[in-house]
Structure formats: structure tokens, C-alpha cells
Participant: 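Have a look at this one.
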There are 2 protein chains.
Amino acid sequence: MATQTPDSPVAASAARDPERTRSEILAVATHEFADKGFAGARVDEIAAKTRTTKRMIYYYFGGKEGLYISVLEQAYTGIRALEQQVDVEHLDPAEAIRQLTALTFDHHESHPDFIRLVSIENIHRARHIARSEILAGLANPALDALTRILDRGRAAGRFRDDVDPIDVHMMISAFCVFRTANRYTFNAIFKRDMLDPARRDHYRTMIGDLVLEYLTASG
Amino acid sequence: MATQTPDSPVAASAARDPERTRSEILAVATHEFADKGFAGARVDEIAAKTRTTKRMIYYYFGGKEGLYISVLEQAYTGIRALEQQVDVEHLDPAEAIRQLTALTFDHHESHPDFIRLVSIENIHRARHIARSEILAGLANPALDALTRILDRGRAAGRFRDDVDPIDVHMMISAFCVFRTANRYTFNAIFKRDMLDPARRDHYRTMIGDLVLEYLTASG
DNA sequence: CAATGTATGTACTAGATAGTTAGTTATACT
DNA sequence: AGTATAACTAACTATCTAGTACATACATTG
């Protein structure tokens with residue numbers, strides 16, 4: 001009785017839910033590609049981990065590469081939506097930099113799959129990102145925020161004036177990405193887990209100090 | 001006449017040169033793995049690009065994974081040999097930091113294959129490095145040099161004293177690795193090639209400033 | 001120079017893998 | 001109710017790929 005009421009309005013549930021099918025494939029694929037890379041991931045395995053079949057991957061995404069590109073698109077846009085929430089406009093410039101840095105730090109730490117996808121896409125020389133219309137012109141809200149903060153800091157004579165927003169963003173990213181992306185080889189060689197919770201605050205402060213000392217130096 | 005003199009002492013040349021066969025396979029494999037990752041690289045293609053056959057890969061390296069591990073071992077030990085050449089002992093500590101930073105910068109820039117192999121190995125969670133006896137206890141000479149420099153700088157009251165050599169090494173690596181490893185996605189999104197020769201000096205100075213400002217700050 | 005092990009090449013195979021064919025079932029619309 | 005279409009399934013296939021069996025040439029050494 002409780003099985004399949006055809007007219008039940010919400011509980012079309014299990015069968016026939018294109019939205020769910022699509023998003024479930026994407027979610028599983030995100031994890032699989034992040035875990036094993038594009039060549040290492042297996043279409044059959046992705047399908048097996050969903051409640052649908054391989055055919056649906058081809059139905060919705062065209063193929064392995066189409067699926068991978070969709071994964072990248074979703075990951076990047078999801079991240080950007082999160083970054084939109086930066087609200088550091090009315091803070092003291094130095095404090096704003098500190099918060100933006102901490103935000104990037106937290107963000108990268110809590111999205112290892114995204115960091116891994118970025119690494120993987122760099123191995124592919126960003127070939128797929130280039131092919132995606134969505135990702136081609138994807139601005140970075142964190143960069144906009146940063147630009148305004150730097151302008152204010154410079155106007156107030158607090159920051160050095162030979163500073164470029166993209167460069168500052170690069171410094172912050174470099175540190176935060178390295179900590180997550182190179183965790184394993186770094187630990188293998190230096191016997192130090194950069195993601196050890198005991199060292200989290202230390203590194204979180206460190207990257208803030210690093211950037212601020214540079215910005216407030218004479219230049 | 002010039003073909004195959006069996007007693008010619010050096011020119012056993014083309015045929016029968018195990019040393020050359022082995023090293024040629026390694027060289028080609030290094031490039032292929034760095035280019036396409038472990039799963040993406042093809043044993044047949046590696047073999048085709050050497051003057052020998054696939055059979056020799058299995059003869060000398062046991063299999064694809066054995067070959068990959070050998071590639072990592074060779075790459076890491078080659079790099080370490082280069083790092084040994086750091087001679088910054090008798091310099092002013094600040095100047096020594098600058099030189100060490102520049103050395104890392106130059107090094108990473110001129111060894112993209114190595115950087116790619118490191119990225120790839122991180123995707124594999126350093127599984128293969130862990131399995132290699134050679135790489136397990138591979139110290140980092142750059143780190144030793146750094147430790148002594150920091151000690152001297154601290155003793156002279158020039159560097160902050162809450163500083164840890166591994167952390168400083170991490171800062172330097174983060175920047176230099178990021179610049180090479182994330183070149184493609186960074187360029188795709190920010191339209192800036194971090195390896196543009198026109199910006200090389202700028203970044204080379206920047207990482208030196210960054211580290212030194214941090215080290216000489218109050219702490 | 002015989003013999004023994006090292007080095008090398010050719011041809012093959014079993015299994016994996018991306019992608020497809022040919023359909024069936026549910027749902028929305030008229 | 002009838003029908004068009006979107007969503008879905010199961011089974012199949014061509015090809016690729018890591019790895020191997022087998023045969024053989026070369027070199028070293030007693």
C-alpha cells in the first residue's frame with residue numbers, strides 16, 4: 001500500500017526524479033574525480049555509487065568529460081557563492097585583510113575536494129576550465145573585496161603603494177592552497193601534518209601576520 | 001664496417017646497454033607521468049617513446065607502479081642533490097634567507113616536471129612515497145641550511161624568536177610551488193601568467209620581502 | 001669455446017572501460 | 001482516456017591496456 005501512490009504530490013520519491021538523479025550523479029562524481037583524478041575515476045564506479053545507472057550519466061552529461069566539466073562548474077560556482085559573503089567593507093583595512101585571509105584559510109581547509117579538483121585541473125593545464133563557458137568569465141568576489149580594502153589602506157597611508165590586488169590574493173592563496181594540497185608529501189618528508197588541529201590557530205595567525213607585515217612594510 | 005665491432009670497447013652502442021635502456025625508460029617515464037599522471041600515463045606509450053620495448057619496463061621496474069615509484073625516487077634524489085649546493089653559511093642571515101628563497105624560486109621554476117609529480121603524488125595521498133624506502137627517510141638539506149640561518153639570525157637579535165624552520169620552509173615552498181603548480185587555473189581565472197618572464201624579478205623579490213618582513217617583525 | 005645468465009624482442013591475452021543499442025515506464029498535457 | 005515525451009534500465013560491444021609467455025641474441029667466464 002505504501003508503495004507507489006501515483007497521485008501522491010510530493011512523494012514521487014524514489015522513481016522519476018530527474019533533479020535528484022542529476023544532482024546525485026554530480027555529487028558522487030565530484031567525490032570520485034577529486035579522489036582519483038579524471039583518468040583515475042571510473043564511470044562504472046560513479047554509476048554504481050548512485051541509485052541510478054551509467055546510462056543516466058550519458059543521458060545528462062554526454063560522457064565522462066562532460067560530467068567532469070559539470071563537476072568543475074558546480075564546484076567553482078559553489079565556492080564563489082560562498083565567497084560572496086565577504087563583508088569586510090566597513091572594517092579597518094588591516095582588520096579586513098586579517099578577516100579575508102582567515103576566511104580563505106577556513107574555506108580551503110573545509111573544502112578539500114575543491115582544492116584537489118583544482119590540483120587535478122592544473123595537471124590538465126586547465127584545459128577543461130578553458131572549454132567551459134560558465135567558468136571562462138567567472139570573476140572572483142574575494143578579489144573585488146581585496147581591491148577595495150587595499151585602496152582604502154593605501155589611501156590611509158597604512159599600506160605600501162606598490163601593491164597589486166592579484167599579487168596579494170596570490171600570496172594568500174599560495175599559503176592556504178599549499179597547506180591543503182601538499183599536505184601528504186609535506187608530511188611524508190617533514191613529518192608534520194599541516195592540517196593537525198593543534199597547529200590550526202598557529203597557521204591561521206601566521207598567514208595573517210605574513211600578509212600584513214608585507215603590506216605595512218615600507219615597500 | 002662501422003656497424004657492430006664486437007670488441008669495440010665503448011661503442012657497444014645501440015644494442016646491449018642496460019644502463020642506457022634503464023635510464024632512457026626512466027627519463028621518458030618521468031615526462032609521461034608528470035604530463036598525464038599515474039592513471040593517465042600509458043605503459044605502451046612510454047615504451048614507444050624509448051628505443052626499447054615494453055618488455056624492458058617489466059624487466060627493470062616490475063610494472064607500471066614500480067616504474068612510477070622509481071621515477072619519484074630519481075626526481076626527489078636529483079632535487080636533493082641540487083639543494084645540497086646551498087652555501088649560505090657565512091652570509092649575513094637576512095642575505096642568506098634571500099639567497100635561499102631565490103634558490104628555491106629558481107629551482108621550482110626550472111623543474112616543472114618535479115612540481116607536477118609532487119602534485120600528482122599528493123592526489124595519491126603520498127601513497128607511493130610512503131612505500132619507497134629511499135624516500136621515506138629523505139632529509140631536506142635546504143631545511144638544515146635554513147635551521148642554521150635562523151639560529152644565527154635569532155642569536156643576533158635580528159629575527160623574531162617564535163619562528164620555526166619547518167614553518168619558514170613551508171612559507172617559501174608554498175609561494176614557489178603555487179606559482180608553478182597552479183599556474184594554469186590561476187591564469188584561466190585571473191588572466192595572469194605567474195610565470196611570465198616579465199614578472200619574474202618582481203615575484204622573485206616579493207617572496208624574499210615577504211619572508212624577511214615576517215622574520216624581522218616583532219613577533 | 002661451451003655454458004650460463006643477462007638483456008631484449010615479438011606476439012599474445014584476460015580483463016577493464018567508455019560508450020551504445022534497443023528498448024520500457026512514468027508523467028504531463030490535451 | 002489517450003498520447004507524446006522525458007526519465008530510465010539492462011545488456012551489449014569495440015577498444016584499450018597492463019601484464020605475460022615464449023623465444024632468442026649477446027656477453028662473460030671457466
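Numbered from 1 within each chain, the chains take letters A, B, ... in sequence-line order.
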Participant: Figure out the CZ/C1' separation between B:Arg55 and C:dA7, and round it to whole Å.
Facilitator: 9 Å

Participant: Nearest to the B:Tyr58 side chain among D:dC8, C:dT10, D:dG19, which nucleotide is it?
Facilitator: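 Nearest to the side chain of B:Tyr58 among the choices is D:dG19.
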
Participant: Does the separation of the ring centres of A:Phe114 and A:Tyr76 fall below 6.0 angstrom?
Facilitator: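 Between A:Tyr76 and A:Phe114, which both carry aromatic rings, the centre distance is below 6.0 Å.
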
Participant: Taking the six-membered ring for Trp, are B:Phe186 and B:Phe190 parallel (under 30°), tilted (30 to 60°) or perpendicular (over 60°)?
Facilitator: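 Tilted, since the angle between the ring planes falls between 30° and 60°.
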
Participant: Can you check the A:Arg20 CZ to C:dA26 C1' distance for me, whole Å?
Facilitator: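 Distance, rounded to whole Å: 14 Å.
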
Participant: Is A:Glu65 paired with A:Arg131 through a side-chain N to carboxylate O contact shorter than 4.0 Å?
Facilitator: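 Judged by the 4.0 Å cut-off on N to carboxylate O distance, A:Arg131 and A:Glu65 do form a salt bridge.
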
Participant: With no hydrogens and no angle check, just 3.5 Å: does a side-chain donor-acceptor pair link A:Arg127 and A:His124?
Facilitator: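 Yes - a donor-acceptor pair under 3.5 Å links their side chains.
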
Participant: Under 4.0 Å between a side-chain N/O of A:Tyr59 and OP1 or OP2 of D:dC8, yes or no?
Facilitator: no

Participant: Would B:Tyr68 and B:Phe33 count as a ring-ring contact (aromatic ring centres under 6.0 Å, His included) if you check the C-alpha gap in whole Å, the side-chain angles of each, and the deciding distance to 0.1 Å?
Facilitator: CA-CA 7 Å; B:Tyr68 176 70; B:Phe33 282 129; 5.1 Å; yes

Participant: Round to a whole Å and report the spacing from CG of B:Asp44 to C1' of C:dT13.
Facilitator: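 The distance from CG of B:Asp44 to C1' of C:dT13 comes to 13 Å, rounded to the nearest Å.
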
Participant: A:Tyr60 OH to C:dG19 P: how many Å, rounded?
Facilitator: 19 Å

Participant: Nearest whole Å is fine: how far is C:dC12 P from B:Lys54 NZ?
Facilitator: 14 Å

Participant: Atom CE of B:Met56 to atom P of D:dT24: distance rounded to whole Å?
Facilitator: 16 Å

Participant: What's the CG-P distance between B:Leu67 and D:dG19, to the nearest Å?
Facilitator: 10 Å

Participant: Take atom CD of B:Glu65 and atom P of D:dG19, then tell me their distance rounded to the nearest Å.
Facilitator: 8 Å

Participant: Using modelled atom types only, decide if a donor and an acceptor are shared between the side chain of A:Asn187 and the backbone of A:Arg183 within a distance under 3.5 Å.
Facilitator: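 Such a contact is absent between A:Asn187 side chain and A:Arg183 backbone.
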
Participant: Scan residues 21-43 of chain A against DNA chain D and write down, sorted by residue number, each residue with any heavy atom closer than 4.0 Å; if none is found, say none.
Facilitator: A:Thr21

Participant: Check whether any side-chain N or O of B:Thr52 sits under 4.0 Å from OP1 or OP2 of C:dA7, and answer yes or no.
Facilitator: no

Participant: Does any donor-acceptor pair link the side chain of A:Lys64 with the base of C:dG19 at a separation under 3.5 Å?
Facilitator: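 In this structure, the two groups form no donor-acceptor pair.
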
Participant: Check this for me: does any side-chain nitrogen of one of B:Lys49 and B:Asp44 sit under 4.0 Å from a carboxylate oxygen of the other?
Facilitator: no

